[in-house]
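See structure below.
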Amino acid sequence: GAVVSQHPSWVICKSGTSVKIECRSLDFQATTMFWYRQFPKQSLMLMATSNEGSKATYEQGVEKDKFLINHASLTLSTLTVTSAHPEDSSFYICSATGLPPAETQYFGPGTRLLVL
Amino acid sequence: GQSLEQPSEVTAVEGAIVQINCTYQTSGFYGLSWYQQHDGGAPTFLSYNALDGLEETGRFSSFLSRSDSYGYLLLQELQMKDSASYFCAVPSGGSYIPTFGRGTSLIVHP
């Protein structure tokens, strides 16, 4: 159990385009989903926390109009990077909680975004 | 606020035992988690300690001392595949919003 998928795994796009990343909990209902970004050799940086049916809570310094999060159901959350620029190139990872222990996060495989 | 401290890098040889320490400061404590992340991959859950003491899962064990705000991950019979980054994390808040340490890069030599 506790499988989280992400799609796509790799994205290369031109500057100015928007990119949507999907995160799905495949075999459990996710109470909460989290979105992270990670630069090489660095720790995970939490971007936002998302609960089904409500607006995401963004961490300080994360632009909510640039990183749009939609949590449509208990098994699906999407992150849209709008008007992507090269500095948005990063490794984006989602995680979900919903299985005991409640604090345990189950991570998706991540999405590598390269903006040219 | 919350903060966690862990060593940036640890090296060891195959078959050895290594301990990765983590000290934390948090306003509300629920427990200490450990995650493993291989290069290019996403983190995977290793262990969670809510109470003091040692939790053993195969070659990996995790320890917590709440009075000392301290925990460690113990890896025994090291294998080359254990080379990875290891993160400690503490959740807080109603949604268990996590804070991760900076990660410890474990390098296992033959």
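Below, each value reflects all heavy atoms present in this structure, side chains not excepted, and no hydrogens, waters or symmetry copies. Just so it is clear: chains get the letters A, B, ... in the order the sequence lines come, proteins before strands, and each one is counted from 1.
The OG atom of B:S62 lies 12.0 Å from the CD1 atom of B:I20; values are rounded to the nearest 0.5 Å. Of the inter-residue distances, the one linking A:E63 atom CD with A:L68 atom CG reads 11.0 Å to the nearest 0.5 angstrom.
Side-chain rings of B:Y72 and B:F63 approach one another, their centers coming within less than 6.0 Å.
With a 4.5 Å cut-off on side-chain heavy atoms, B:T99 and B:L4 count as touching. Residues B:L106 and B:L78 are in side-chain contact: their nearest non-hydrogen atoms beyond the backbone lie under 4.5 Å apart.
Residues of residues 108-116 of chain A lying under 4.5 angstrom from chain B, judged on non-hydrogen atoms, are A:G108, A:P109, A:G110, A:R112 by number. The stretch residues 84-95 of chain A places A:F91, A:I93 near chain B, each with some heavy atom under 4.5 Å from a heavy atom of that chain. Applying a 4.5 Å heavy-atom cutoff, the residues of residues 43-58 of chain B that approach chain A are B:P43, B:F45, B:Y48.
Using a 3.5 Å distance cut-off with no hydrogens or angles, the side chains of B:E5 and B:Q25 do not pair a donor with an acceptor. A donor atom on one side chain and an acceptor atom on the other are found under 3.5 Å apart for A:S77 and A:W35.
In this structure, the salt bridge (Lys or Arg N to Asp or Glu O under 4.0 Å) partners of A:R24, at least two apart in sequence or on a different chain, are A:E22.
Between B:F100 and A:Y36, the ring-plane angle classifies as perpendicular under the 30° and 60° cut-offs.
Counting heavy atoms of neighbouring residues, nucleotides and ligands inside a 6.0 Å radius, atom NZ of A:K66 exceeds 12 of them.
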* Could you check B:Q37 against A:Q38 for side chain to side chain donor-acceptor pair (under 3.5 Å), going step by step and ending with a plain yes or no? => CA-CA 12 Å; B:Q37 185 179 28; A:Q38 186 179 34; 2.8 Å; yes

* To do: Decide side-chain contact (heavy atoms from CB on, under 4.5 Å) for B:C22 and B:L32; before the verdict, give the C-alpha distance in whole Å, the side-chain angles of both, and the deciding distance to 0.1 Å.
  => CA-CA 9 Å; B:C22 175; B:L32 183 69; 4.1 Å; yes

* Is there a side-chain contact (heavy atoms from CB on, under 4.5 Å) between B:Y35 and A:Q105 once you walk through the steps? -> CA-CA 9 Å; B:Y35 294 85; A:Q105 302 218 0; 3.3 Å; yes

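Using a 4.5 Å cut-off between heavy atoms, A:Q6 does not touch chain B at all.
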